[in-house]
2 protein chains.
Amino acid sequence: MEKVPEQCRVEDALSILTGKWKPIILLHLLQEGTQRFNELKRKMPGVTQKMLTKQLRELEEEDIIARTIYPQVPPKVEYAMTDYGRSLEPILEAMHEWGRNHTLRKRQKQQTSTS
Amino acid sequence: MEKVPEQCRVEDALSILTGKWKPIILLHLLQEGTQRFNELKRKMPGVTQKMLTKQLRELEEEDIIARTIYPQVPPKVEYAMTDYGRSLEPILEAMHEWGRNHTLRKRQKQQTSTS
DNA sequence: TGGTGTGGTATCTTTTATGATACCGGGGAG
DNA sequence: CTCCCCGGTATCATAAAAGATACCACACCA
């Protein structure tokens with residue numbers, strides 16, 4: 001029936017989330033809604049135009065975000081989560097929750113090692 | 001109060017799961033319990049010894065898995081999930097569930113494009 | 001005596017991801 | 001006229017991840 005091994009599914013999700021700037025892009029779009037290119041760029045210190053473009057394109061390719069071009073001058077391009085993209089939210093939340101505990105744990109370790 | 005940006009938490013989780021062989025290692029250990037090195041290796045076609053060692057060491061470093069060496073000849077080394085490692089299960093399950101739908105979606109897209 | 005199984009290391013090469021930098025068109029501000 | 005803003009592209013360089021290959025000690029088996 002199903003020939004694809006189980007772990008491939010996990011890797012599918014992982015491959016979409018993996019990328020230096022993708023998690024933060026997704027969090028911005030989820031939490032603050034539709035954003036313009038430079039708006040995102042300003043909120044992500046350190047990212048270069050090229051990298052931001054690339055990561056956005058890859059997310060768009062997977063139908064996680066939608067890119068809307070307004071035929072104006074100067075150009076206006078907006079990025080928004082798709083419904084499909086929003087289906088990633090449980091994963092991001094699970095990771096966020098886990099990460100919170102991970103941070104706490106690290107702190108405790110540091111304390112015990114310095115005491 | 002909290003100076004660490006929210007997305008860092010997500011990236012913490014991601015950084016632990018990311019690695020070509022880590023998801024499958026974790027799934028094997030979760031589903032089949034403690035495993036020896038070569039036992040894992042045989043279940044992961046294509047992995048080289050070096051890569052398997054590296055990924056296992058990284059997971060051990062993060063306290064996700066535990067490495068037990070039995071002072072025998074020939075050597076016997078076992079890998080097992082730690083309790084902490086098992087706390088990743090909700091994330092892996094969320095990704096697995098998402099991946100299942102992702103696969104279905106891709107298939108549907110192919111069908112509509114070839115019809 | 002030579003080959004096998006165990007759990008690795010040490011090098012080297014290739015592939016992939018990320019980054020720095022320069023450039024673009026065209027309107028609007030000064 | 002000159003510069004900036006916007007949302008990019010193109011080129012080149014670097015860093016990081018992954019892979020190929022060879023080697024190791026030791027005991028066991030035949």
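Each chain gets a letter, A, B and so on, in the order the sequences are listed, and its residues count up from 1. All values below come from the heavy atoms of this structure, side chains included, with hydrogens, waters and symmetry mates left out.
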DNA chain C: 5'-proximal contact among B/P74 and A/K20 (nearest heavy atom): B/P74
For the pair made of [atom1] in [X] and [atom2] in [N], what is the distance, rounded to whole Å?
| X | N | atom1 | atom2 | answer |
| --- | --- | --- | --- | --- |
| B/E58 | D/dA18 | CD | C1' | 11 Å |
| B/M51 | C/dT15 | CE | C1' | 12 Å |
| B/L52 | C/dT9 | CG | C1' | 14 Å |
| A/I69 | D/dC6 | CD1 | P | 17 Å |
| B/R57 | C/dG7 | CZ | P | 12 Å |
| B/Y70 | C/dG8 | OH | P | 13 Å |
| B/K50 | C/dA10 | NZ | C1' | 9 Å |
| A/R42 | D/dG7 | CZ | C1' | 12 Å |

Could you check which of [options] has an atom nearest any side-chain atom of [X]?
| X | options | result |
| --- | --- | --- |
| A/Y79 | C/dG7, D/dG8, D/dA17 | D/dG8 |
| A/F37 | D/dC6, D/dA18, D/dG8 | D/dG8 |
| B/P75 | D/dG8, D/dA20, C/dG7 | C/dG7 |
| B/K54 | C/dG7, D/dA17, C/dA17 | D/dA17 |
| A/Q49 | D/dG19, D/dG7, C/dG7 | D/dG7 |
| B/V77 | D/dA27, C/dT18, C/dG7 | C/dG7 |
| A/T53 | D/dA27, D/dG8, C/dG7 | D/dG8 |

task: Look at all strands and tell whether A/K76 reaches a base, only sugar-phosphate, or nothing, counting heavy atoms closer than 4.0 Å.
output: sugar-phosphate
message: Applying a 4.0 Å non-hydrogen cut-off, can you work out what A/Q72 is touching in the nucleic acid: base, sugar-phosphate, or nothing?
response: nothing
- request: Determine, stepwise, if the pair B/K43 / B/I24 fulfils side chain to side chain contact (heavy atoms under 4.5 Å, CB included).
  value: CA-CA 9 Å; B/K43 289 173 181 172; B/I24 178 167; over 6 Å; no
- prompt: Looking at B/L29 and B/Y79, what are the two nearest heavy atoms and their distance?
  reply: CD2-O, 3.4 Å
message: Please find the pair of heavy atoms, one from B/D63 and one from B/T82, that lie closest to each other, and give the distance.
response: O-OG1, 2.7 Å
query: Can you find a heavy atom in the side chain of B/E58 that is under 4.5 Å from one in the side chain of B/K54?
result: yes
message: Could you tell me if the side chain of A/L26 sits less than 4.5 Å from the side chain of A/L17, heavy atoms only?
response: yes
- prompt: Can you find a side chain N or O atom of A/R36 that sits less than 4.0 Å from OP1 or OP2 on D/dC6?
  reply: no
query: B/Q55 side chain N/O closer than 4.0 Å to the phosphate oxygens (OP1, OP2) of D/dA17?
result: no
